[in-house]
Amino acid sequence: MSADTFHPRGPWIWRIITFLFWYAKEFILANTRVSLDVLRPKGRQKMSPAIIAVPAASESDAEWTMISNFITLTPGTLTLTISREHKILYVHGMFVDSREALVAEIQEMENRMLGAMRRKPGDLSRPVEAPVVEPVDDPEAGDIQ
Amino acid sequence: MEIYEIAHAAGLVLVFVGILTIIIAGIGLFRLPDLYLRASAVGTSAGLGVAAIVAGVLLMDFSWLNLIKAIVAIIAQLLTSAVGSMAIARSGYLNYSLPAEITHTDDLMKTRRDNFSK
């Protein structure tokens with residue numbers, strides 16, 4: 001965990017309010033950014049999409065659902081799938097300059113969201129780089145790949 | 001009647017912001033290169049457009065019952081557009097829809113047995 005990662009502080013109600021306002025700000029900024037890039041002429045568009053494995057700190061079903069929803073709801077980022085076993089979110093980003101930039105952005109959102117959802121935020125440390133997940137030879141029943 | 005007129009004007013502005021957002025999302029459908037960019041940029045922008053129109057209409061015709069209806073409608077709209085985008089993108093990936101050429105990193109490909117890009 002890098003030193004400058006955001007860690008939620010303060011009483012619970014304060015964390016909820018700051019998360020909502022921070023998310024509204026991010027939401028509007030992302031919207032303008034995506035809209036401008038859609039309207040820009042071809043050849044000068046700035047998009048550089050990528051699918052990145054982001055290590056996550058979520059635990060319960062509700063937390064996984066909400067973080068995937070919040071990521072997808074922000075224009076320009078999209079949760080493709082999650083791996084709860086390896087604690088990874090697979091995120092498709094529209095403006096990904098580097099792996100670390102997208103991971104930092106998503107992990108800050110997750111830190112703030114977990115701070116708002118949990119009475120006590122607890123330990124939010126996780127690695128910046130996700131482990132490489134190899135396909136298993138014996139998939140579970142019903143797993144179509 | 002002062003406050004009524006201000007709310008009416010703000011409502012009109014919100015409705016037009018919503019219309020503009022949906023038009024830009026429609027242009028994006030044609031201009032973006034692959035399924036995932038379209039789902040991430042357009043799916044939720046269109047959701048936001050509808051939400052802005054609902055909020056604008058609420059301001060133009062305010063009542064407490066309408067406020068409750070609008071809050072429920074906006075939350076349901078945003079949730080379903082997010083879940084729908086994820087379902088479309090995931091099923092596209094499982095059905096061999098390749099990301100566009102400009103996609104520079106693809107971590108999800110490493111988890112696939114068939115590695116269909118190579």
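Hydrogens, waters and symmetry mates play no part in the numbers below; they use all other heavy atoms, side chains included. So that the names make sense, note that chain A is the first sequence line, chain B the second, and so on, each numbered from 1. Quantities reported herein were computed from a predicted structural model and do not represent experimental measurements.
Residue contact with chain B, scored on non-hydrogen atoms closer than 4.5 Å, is absent for S83(A). Contact of N31(A) with chain B is made through the side chain alone, with heavy-atom distances under 4.5 Å. Both the backbone and the side chain of T79(A) come within less than 4.5 Å of a heavy atom in chain B. Heavy atoms of L32(B) lying under 4.5 Å from chain A belong exclusively to its side chain. Residue R33(A) does not touch chain B at all, counting heavy-atom pairs closer than 4.5 Å. For chain B, no part of F70(A) is nearby; none of its heavy atoms comes within less than 4.5 Å.
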D61(A)/R84(A) under salt bridge (charged side-chain N to carboxylate O under 4.0 Å, His left out): CA gap, chis, key distance, verdict:
CA-CA 10 Å; D61(A) 286 350; R84(A) 285 189 68 162; 2.3 Å; yes

Any chance you could lay out the side chain to side chain contact (heavy atoms under 4.5 Å, CB included) test for R15(A) and R9(A), step after step, and finish with the verdict?
CA-CA 7 Å; R15(A) 295 196 303 260; R9(A) 268 170 236 286; over 6 Å; no

Report the C-alpha separation of I82(A) and S68(A) in whole Å, then their side-chain angles, then the decisive distance to 0.1 Å, and conclude whether the side chain to side chain contact (heavy atoms under 4.5 Å, CB included) test is met.
CA-CA 8 Å; I82(A) 59 173; S68(A) 329; 4.1 Å; yes

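Of all the listed residues (L39(A), N69(A), I71(A)), the one sharing the greatest number of non-hydrogen pairs under 4.5 Å with chain B is N69(A). Among the candidates T77(A), L80(A), D37(A), the residue making the largest number of heavy-atom pairs closer than 4.5 Å to chain B is L80(A). Listed options S48(A), A53(A), A50(A) were ranked by heavy-atom pairs under 4.5 angstrom with chain B; first place goes to A50(A). Residue with the most contacts toward chain A among V83(B), L20(B), T21(B), I24(B): I24(B) (heavy-atom pairs, distance under 4.5 Å).
Aromatic ring pairs are classed by plane angle as parallel below 30°, tilted from 30° to 60° and perpendicular above 60°; the pair F62(B) and W64(B) is perpendicular.
Using modelled atom types, one finds a donor on one side chain and an acceptor on the other under 3.5 Å when comparing S58(A) with E110(A). D106(B) and Y93(B) share a side-chain donor-acceptor pair at under 3.5 Å.
Classification of E59(A) and R118(A) as a salt-bridged pair fails, no side-chain N sitting under 4.0 Å from a carboxylate O.
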